[in-house]
Amino acid sequence: MNNLIKEHIEKCKKQFDEIDRVALCNQKKVLDAFRKNRVALRHFNGTSGYGYDDEGRDNLCRVFADVFNTEKAVVSPLITSGTHAITIALFGLVKSGDVILSITGAPYDTLHGVIEGSEGSLKDFGVNFYSVSLKGGKMDFDAIGKSIERYNPAVVYIQRSRGYEWRDAFSVEDIRAAVNFVRTKTDCCIVTDNCYGEFVETEEPTDAGVDVAIGSLIKNPGGSIAPTGGYIVGKQKYIDRIAGRLTAPTVGMEVGSYAAGYRNFYQGLFLAPHVVAQSLKTATLFSSVLSSLGYDVKPQPNEKFYDIVCSIKFGDAKKLVNFVQAVQYVSPVDSYVTPEPWAMPGYNDEVIMAAGCFVQGASIELSCDGPIRAPYIGYLQGGVTLEHGIIALEKVLESLNLN
């Protein structure tokens, strides 16, 4: 192992110990939900057709609801991505003439077409979406209060992770403070995009008073095992409306089959606290080493991570490309492929992405990406094992001529 990496593993020991403590708490929480809902082999069986009385599907929803301390959940392999899950939720919660107010700035790139500019967007259906800009990377409560009074939103929207912005993710305490403030102004539905943030802390946004939380199963809660899918958890009155949008208002979650069976979804959730801990250790180590070599990173060494992402500012397009290509080179799948920037659907700029994953596009597996625009930031996420992260970091140092 590279001596510099060895040195920084020792430096990160205190952070690694805290990550392990959180993982243990979350593992118990997940295990308790499995035991409470009497998960059995029969729940892994698939169904076909309408999927009436699909106990595997229904019990998986109950397990997720308990893990996230909520009344009800929609968990489905029919949800194709985090963007799809968010879209379903928003369309289920609003009607023509309503307003959605994002209090964490503009949302992730792939949601821009959902909001406006595409056929079938929220704007097409008479729903307006407004954003309150962040102030120094933090939520601006003064501006939020004025916007709530001005727009009277039906939904207040919080994006926990950073997207392609140069900021830290929001902690559960940040979200709790926002919820408490919003509640002094309105009793509308508060929604959080929880992608990349699950199991990073011992609490989730739903513990902090959020009404609905949303995420992808090929990120944290799928534990690198779930082959597809998404989840939406929250208060029953909202989840019932969202379920009617996923299928149809007359049937909700009474239908929806999956012939392949549900074992991977249950097993992925069970493994998720440990896998997230491995991802956090990988991201922490990258932050520590690259910061010591002069790169601007977020979070900074010794700062707490509130999602599994480490952002690295390269300031140079070629360095960003080299970084992403190095991660792809040490991937278990498609390691022989050389990523190049391309116009990915849903993004405003060309994007380069390393994703040599067993599950296509799974961000809980070691991957990285970034838009080809100044200041050329790479976003590293995932890592099923710290050992793989160490090997990838060695290759990154070599590719950037830092060995």
Side-chain angles (χ1 to χ4, degrees), residues 70-74 76 79-134 139-160 163 170 175 178-195 205-206 208-215 230-253 346:
T70 57
E71 295 173 359
K72 206 165 184 180
V74 167
S76 176
I79 299 173
T80 61
S81 66
T83 299
H84 186 202
I86 294 165
T87 301
I88 292 165
L90 294 181
F91 272 96
L93 292 170
V94 295
K95 58 185 182 299
S96 181
D98 282 346
V99 168
I100 300 170
L101 180 67
S102 168
I103 63 173
T104 50
Y108 190 63
D109 291 37
T110 56
L111 279 176
H112 293 179
V114 176
I115 294 165
E116 62 181 354
S118 298
E119 189 172 352
S121 67
L122 288 162
K123 193 171 186 65
D124 256 8
F125 282 83
V127 177
N128 287 314
F129 191 107
Y130 300 105
S131 299
V132 180
S133 298
L134 297 175
M139 285 179 270
D140 184 347
F141 287 178
D142 183 53
I144 290 168
K146 290 176 181 176
S147 293
I148 290 173
E149 290 171 8
R150 178 179 179 184
Y151 297 120
N152 188 29
V155 170
V156 164
Y157 180 83
I158 298 170
Q159 181 177 291
R160 184 176 184 180
F170 291 113
I175 294 170
V179 168
N180 290 341
F181 177 79
V182 169
R183 286 285 175 251
T184 67
K185 304 289 183 181
T186 176
D187 62 355
C188 76
C189 182
I190 302 175
V191 173
T192 295
D193 169 7
N194 202 29
C195 287
T206 41
V210 162
D211 297 307
V212 174
I214 306 163
Y231 76 89
I232 307 166
V233 295
K235 292 183 177 175
Q236 180 172 345
K237 65 179 180 179
Y238 296 126
I239 296 302
D240 285 343
R241 287 164 58 182
I242 292 165
R245 180 57 58 183
L246 173 64
T247 58
T250 53
V251 291
M253 286 299 287

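- Between F91 and F125, the shortest heavy-atom contact is CE2-CD1, 3.7 Å.
- Residues D240 and K72 form a side-chain contact, since some pair of their non-hydrogen atoms from C-beta on lies under 4.5 Å apart.
- For N152, the CG atom is loosely surrounded, since the number of other residues' heavy atoms within 6.0 Å does not exceed 12.
- For the atom pair I175 CD1 and I158 CD1, the distance stands at 5.5 Å (nearest 0.5 Å).
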Show the numbers, then the answer: is there a side-chain contact (heavy atoms from CB on, under 4.5 Å) between L246 and I79? CA-CA 8 Å; L246 173 64; I79 299 173; 4.0 Å; yes
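- Heavy-atom neighbours of R150 CZ from other residues, nucleotides or ligands within 6.0 Å: at or below the threshold of 12.
- Closest of all the heavy-atom pairs between T192 and R160 is CG2-CB, 4.3 Å.
- Counting all heavy atoms, side chain and backbone alike, M253 lies closest to A243 at CG-CB, 3.6 Å.
- Remark: I148 CD1 to T186 OG1 distance equals 6.5 Å, nearest 0.5 Å.
- Remark: the backbone N or O of C188 is paired with a side-chain donor or acceptor of R183 at under 3.5 angstrom.
- Between A154 and V94 the shortest heavy-atom distance is CB-CG1, 4.5 Å.
- Under the 4.5 Å side-chain criterion, counting only non-hydrogen atoms from C-beta, I115 is not in contact with S121.
- Ring orientation note: the planes of Y130 and Y151 are close to parallel, at an angle under 30° on the 30°/60° scale.
- In this structure, the side chains of I214 and I232 come closer than 4.5 Å at one or more pairs of heavy atoms.
- The heavy-atom pair separating A213 from Y231 by the smallest distance is O-CE1, 3.9 Å.
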The test is side-chain contact (heavy atoms from CB on, under 4.5 Å); show your working for Y108 and Q159 and say whether it passes. CA-CA 8 Å; Y108 190 63; Q159 181 177 291; 3.6 Å; yes
Worked check of side-chain contact (heavy atoms from CB on, under 4.5 Å) between N128 and K123: CA-CA 6 Å; N128 287 314; K123 193 171 186 65; 3.6 Å; yes
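- Separating the CD1 atom in I190 from the CD1 atom in I103 is a distance of 7.0 Å, to the nearest 0.5 Å.
- At least one donor-acceptor pair closer than 3.5 Å links the side chain of R241 to the backbone N or O of L93.
- Put simply, OG1 on T70 and CG on D211 are 11.0 Å apart, with the number rounded to the nearest 0.5 Å.
- Between the side chain of T247 and the main chain of G252, a donor-acceptor pair closer than 3.5 Å is present.
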Derivation and outcome, side-chain contact (heavy atoms from CB on, under 4.5 Å), residues M139 and L134: CA-CA 5 Å; M139 285 179 270; L134 297 175; 4.1 Å; yes
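- Contact detail for S131 and G105: the closest heavy-atom pair is OG-O, 3.6 Å.
- Here the CG atom belonging to L111 is positioned 4.5 Å from the OH atom belonging to Y157, to the nearest 0.5 angstrom.
- The CG atom of L122 sits 6.0 Å away from the CG atom of L90 when rounded to the nearest 0.5 Å.
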